[in-house]
Amino acid sequence: SDNEQEQLSHEEYARYGRQMILPEIGLPGQLALKNSSVLIIGVGGLGCPAAQYIAAAGIGTIGLLDGDVVDKNNLHRQVIHSTSKEGMPKALSAKQFLQDLNPHAKINTYVEYASPQNLFEIVAAYDIILDCTDNQFTRYLISDVCVWNEKPLISASALQFEGQLCVYNYCNGPCYRCMFPNPAPVVTSCAKSGILGPVVGTMGTMQALETIKLALSMKGINKEPFIPFILLFHAFRFPQWKHIRIRSRQQSCESCGPHKVLTRSFIESSPSEYVTRCDATPKAAKSL
Amino acid sequence: SDNEQEQLSHEEYARYGRQMILPEIGLPGQLALKNSSVLIIGVGGLGCPAAQYIAAAGIGTIGLLDGDVVDKNNLHRQVIHSTSKEGMPKALSAKQFLQDLNPHAKINTYVEYASPQNLFEIVAAYDIILDCTDNQFTRYLISDVCVWNEKPLISASALQFEGQLCVYNYCNGPCYRCMFPNPAPVVTSCAKSGILGPVVGTMGTMQALETIKLALSMKGINKEPFIPFILLFHAFRFPQWKHIRIRSRQQSCESCGPHKVLTRSFIESSPSEYVTRCDATPKAAKSL
Amino acid sequence: MAIKVELLGGLDMLFRKQKELSLELAELGEVKTLRSLIHFMAEKIESPTQKELFYLDGTVRPGIIVLVNDQDWELLDKEDYNLEDKDQVVFVSTLHGG
Amino acid sequence: MAIKVELLGGLDMLFRKQKELSLELAELGEVKTLRSLIHFMAEKIESPTQKELFYLDGTVRPGIIVLVNDQDWELLDKEDYNLEDKDQVVFVSTLHGG
Ligand SMILES: [Zn+2]
Ligand SMILES: [Zn+2]
């Protein structure tokens, strides 16, 4: 694009030297990271480590979208906020931390929740989107908006001792609705079921890793073919990790298929009908 | 022990609620974490996320041992330090960060490098030891001292796009010398070969997870049997993770076996001979 | 002729906290497809409200994916996949937390 | 009768950056042990200084561990383990960085 920067300052050379020495990165890779923009939706248990490593690595532009405020009772997993920032919007607290970690990053904050009203415009401004949220409705919304805007989506989630990570809507890979066409009847949250900090932390850190890989791939630096996958983690299983090959884009998908119906105009004009496509009315107890 | 605390304050209940709700933790588990002490040796790429999640989770006493100072050129992976702390000892910079993340943690700092002279005494004061260092000599030293002090050791390492994690000297599992009886002839460092931030970050975060599991196990909360393992990670392989069953304690081991020779008195009285047990003279180019 | 079934994403809660089970293929009856396995697993859940959290309209409920030997069942024949000796099947429910 | 060999911990650098290779067991000759495989792999490295980074005193050099089907070879018969069809062998060098 016209805004691509072709140079690094002396300070940047020194700061990123330990990763530029990797032959898979080098100067072209570091410039690719600098010229990439990443939107992090949710600055909680996943978004904190994801933002920390993405900023540290030299991604040039970072958007932080979260309407919530810092709460001491979440600090066991939201580890770039702090006790003294209680009550501050998380997006601002995170920006303050990240800017001292790496002053070279340009950081935009959005103190609001993702919604059908705001998300299309915000997503359009970034190259890569990270879903670091914590509920089913928002996960479907983010996926549908990424499909409409043709943006790759790096999505992670965690509960109790488990985590999941998937790259959606990239190359011929699936979108979230290709994997999960219909909302699930049962919804639990970290507040109700609990979550261990380093479990969600590991998933968020792995999101940062996949972000760097994707940024290098989108700018032509990393030429390895993309194979759609999902990573599954459980702290108490042996093996702890499964790396699964998944389906490609589905013809039948209502979001990304040739007969898609969940377009921007549908989402914006039929809010109450859209909700039923993103959240099933629970038929059974919410106690799973 | 006599110092075990039987109570949590109201503030602590609220702060740790999201993990105490897990039936595998609960109040007994949270008290077990509070009554545990963890020594983190090296507050760099591994030690930063390890310390961050260990402090956040409510481990009561944390020791930070590192003789080095904050350097902007390492901030791409040493993500709890910051640009404004350039030149400050890493142990003090980390303490400042951690104390605001969780004021309930008691944090001891040691602004020095691990050596045969200081390590026996320091290790003796902690329940669990984390090897977050970056060179072969120190890795052997830490293992030998942990064997002598009968302390479990959670060790991780990373280089380029790869990481490794292993729990040593716990139950009937091996010590580092059981796995690697002789030092390797080739040594590379992150400075020479490069390292990607989220790779070492993932390994450090997983160290924090294993620390919590081990603290729960040592206090009888987690009753799952311990099976010796090593985790291997590579960012560009499919599958990314391998979870490998490894040998148990080796009879032939010079550090932990029945005919051990690498005792505290040997290490303290024969420094130059001890060095040869921890670092091979390179026979070949250091260019692997 | 046995297979291994693992439960992830909280599904173990529906099966008395069993993380995994070994099955003789003969236990599935004549037809040894994933469909038979899903039916067989559903029969193990006594409470109807709990069963609905696993089994709906003849297959797994929305939000559950099925993996065979580290592959999405969509890359195989889904419900019609014929199970073979030593297959490793995983039922996993998607997580939404973060 | 083939096996898969994977190289980790930087060992791919000694084998022209090959991450993994497939081998017919017949290529190892009469005796199809891990010892034969180690010898076979060492022969692929032309430079003597590079070879020493893999092969020393008839086996892998210190700092390298050998895994067969996700198990430490120490749990098997180490060099004397008899390779079987579809075995997955990993050579991995320990890392020291952090
Ligand atoms: Zn789709
Ligand atoms: Zn030993």
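Residue numbering restarts at 1 for every chain, and letters A, B, ... go by the order of the sequence lines. What you are looking at is a predicted structure, and each value in this text was computed from that prediction instead of being measured.
- Put simply, of Asn102(A), Ile54(A), Asn73(A), the one with the most heavy-atom pairs under 4.5 Å next to chain B is Asn73(A).
- Judged as a salt bridge (charged side-chain N to carboxylate O under 4.0 Å, His left out), the pairs with a partner in residues 23-47 of chain B (not counting sequence neighbours) are, in order, Glu12(B)-Lys34(B).
- Here Gln240(A) is the residue among Gln240(A), Lys72(A), Arg245(A) with the most heavy-atom pairs under 4.5 Å with chain B.
- With a 4.5 Å cut-off on side-chain heavy atoms, Lys242(B) and Leu231(B) do not count as touching.
- Residue contact with chain B, scored on non-hydrogen atoms closer than 4.5 Å, involves the side chain of Lys213(A) exclusively.
- Residues Tyr53(A) and Leu209(A) have side chains not in contact (no heavy-atom distance under 4.5 Å, counting atoms from C-beta outward).
- Aromatic rings from Phe229(B) and His243(B) are positioned such that their centres are separated by under 6.0 Å.
- Note that OG of Ser93(B) and CD of Gln78(B) are 9.5 Å apart. Values are rounded to the nearest 0.5 Å.
- Both the backbone and the side chain of Phe236(B) come within contact range of chain A, each with at least one heavy atom under 4.5 Å from a heavy atom of that chain.
- Of the listed residues (Ile244(A), Leu22(A), Thr205(A)), the one with the most heavy-atom contacts under 4.5 Å to chain B is Leu22(A).
- Of the two parts of Glu210(A), only the side chain, counted from C-beta on, holds a non-hydrogen atom closer than 4.5 Å to a non-hydrogen atom of chain B.
- In terms of heavy-atom pairs under 4.5 Å with chain B, the best-connected choice from Asp71(A), Ile80(A), Ile212(A), Thr202(A) is Thr202(A).
- The aromatic rings of Phe233(B) and Trp241(B) lie tilted to each other, with the angle between the two planes from 30° to 60°.
- Both the backbone and the side chain of Asp100(B) come within less than 4.5 Å of a heavy atom in chain A.
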Side-chain donor/acceptor pairs under 3.5 Å, residues 36-47 of chain A, sequence neighbours excluded:
unit_1	atom_1	unit_2	atom_2	d
Ser36(A)	OG	Ala32(A)	O	2.7
Ser37(A)	OG	Asp127(A)	N	3.0
Ser37(A)	OG	Asp127(A)	OD2	3.3

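- Between chain B and the options Ala208(A), Gly201(A), Gly204(A), Ala50(A), the largest number of non-hydrogen pairs under 4.5 Å is found for Gly201(A).
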